[in-house]
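Predicted, not measured: the structure shown is a model, and the values here were computed from it. Note that the numbering runs from 1 along the sequence shown for the chain.
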Amino acid sequence: MSDAHLRLAVLTGSAPGSRTGQAVASWTRHEAINYGQFDVDLVDVAEDPLPVLITHPPSPAAAQKLELISPRLAAADAFIVVCAEYNHSFPAALKSAVDWHTTEWYAKPVGFVSYGGRSGGLRAVEQFRLVFSELHVVTLRDGVSFPNVWEEFDEDGEPRDTVGSHTAAKTMFDQLLWWSESLREARQKRPYTP
Ligand SMILES: Cc1cc2nc3c(=O)[nH]c(=O)nc-3n(C[C@H](O)[C@H](O)[C@H](O)COP(=O)(O)O)c2cc1C
């Protein structure tokens, strides 16, 4: 690893108390740490969610929540969004966290680990690609997807297909590393001002 570590924020918006969502987020965090190229920060945006309505200035309560989240997004060189599928789309807590921020996302890469029923959350991911394109984000082609997630993880919170999941994660992290290194270098050379 180079001196200046790449910082990766893993975002989860799982319903509080959800065993499946927490298992996926925790597995993602461990895979990211074990990959060995990123300083990993798990950002849970559902624990104390931001308001759905965006106001300028934010209410005191929203400002307090933003203080906890915004600096961590700003510091990140890369993101993984751990995303369930709700009615063929993304969970509201994740979308709110995205909407409350702008420059924190700019010229950075986002990868996805998705989960849900038969679709494995992929419809939510495709919708997120549209949202992130508005925020000058590069979304990775390859990600990890867990269909029928409640069957996919064992009692210890580990995926049953450890090899397949790990291989998919490695492909995603290889792409994330290339993009995060390249874009960090580019941002340092010339600030991104769209
Ligand atoms: C309101 C609601 C809508 C859902 N819609 C879908 C859906 O459209 N497609 C799907 O594959 N799963 C759907 N699911 C299943 C969730 O993706 C699944 O239960 C997932 O584990 C929820 O993640 P969470 O507990 O981390 O929030 C839905 C679940 C809920 C509660």
Non-hydrogen side-chain atoms of H101 and S70 separated by less than 4.5 Å: yes
Short side-chain to backbone donor-acceptor contact, R187 and Y192, under 3.5 Å: no
Heavy-atom closest contact (A93 atom, G13 atom, distance): CB-O, 4.4 Å
Expected output: side-chain E85 to main-chain Y115 donor-acceptor under 3.5 Å: no
L11-V125 co-clustered via ILVMFWY side chain contacts under 4.5 Å: yes
N/O donor-acceptor pair under 3.5 Å between R7 side chain and R72 backbone: no
Interatomic spacing from OH in Y35 to NZ in K170 - rounded to 0.5 Å: 5.0 Å
Gap separating the CZ atom of F146 from the OG atom of S165, nearest 0.5 angstrom: 4.0 Å
CZ on F112 to CG on L122, rounded to 0.5 Å: 10.5 Å
4.5 Å side-chain heavy-atom contact, L6 and D39: no
Hydrophobic cluster membership, V81 vs I69, 4.5 Å side-chain cutoff: yes
Exercise: identify the closest heavy-atom pair between A46 and D44: N-OD1, 2.9 Å
S89 (side chain) donor-acceptor with A124 (main chain) under 3.5 angstrom: no
Sub-4.5 Å side-chain heavy-atom contact between E185 and E181: no
Joint hydrophobic cluster, V110 plus V43, side-chain heavy atoms closer than 4.5 Å: yes
OG on S119 to NE2 on H88, rounded to 0.5 Å: 6.5 Å
Point-to-point distance, once rounded to the nearest 0.5 Å, from CG of N87 to CZ of R123: 10.0 Å
salt_bridge(E126, R129) N-O dist < 4.0 Å: yes
Qualifying residue for side-chain contact (heavy atoms from CB on, under 4.5 Å) with I33, from T28, L8, V10, V40: V40
L176 and L140, any side-chain heavy atoms less than 4.5 Å apart: yes
Hphob cluster co-occupancy, L94 + V144, side-chain heavy atoms under 4.5 angstrom: no
pair L66-L50: side-chain heavy atoms closer than 4.5 Å: yes
Flag if over 12 foreign heavy atoms under 6.0 Å of CZ, R160: yes
T139 and F128, any side-chain heavy atoms less than 4.5 Å apart: no
Side-chain donor or acceptor of S114 paired with backbone N/O of G120 under 3.5 Å: yes
Side chain to side chain, R118 and P147, heavy atoms closer than 4.5 Å: no
Aromatic plane relationship, F173 with F38 - under 30° parallel, 30 to 60° tilted, over 60° perpendicular: tilted
L53, CG: over 12 other non-hydrogen atoms inside 6.0 angstrom: no
Heavy-atom closest contact (S96 atom, P51 atom, distance): OG-O, 3.9 Å
OG1-CG distance between T102 and L135, expressed to the nearest 0.5 angstrom: 7.5 Å
Closest non-hydrogen atom pair, H166 against E31: ND1-OE1, 2.7 Å
Donor-acceptor contact below 3.5 Å, side chain K108 vs main chain L183: no
Side-chain donor or acceptor of D154 paired with backbone N/O of G157 under 3.5 Å: yes
Within one Ile-Leu-Val-Met-Phe-Trp-Tyr cluster: M172 and V138, side-chain cutoff 4.5 Å: yes
Heavy-atom side-chain proximity of V24 to V113 below 4.5 angstrom: yes
For P58 against A63, the heavy-atom pair lying closest together: CB-N, 4.0 Å
Donor-acceptor contact present, side-chain S18 to main-chain S14, <3.5 Å: no
Backbone N/O of E158 and side chain of D156: donor-acceptor pair under 3.5 Å: no
Nearest atoms (heavy-atom pairs only) where F79 meets E104: CZ-O, 3.7 Å
Whether over 12 other heavy atoms sit under 6.0 Å from W179 CH2: no
Whether F132 and W105 hold their rings parallel, tilted or perpendicular, with breakpoints at 30° and 60°: perpendicular
Expected output: side-chain T171 to main-chain T167 donor-acceptor under 3.5 Å: yes
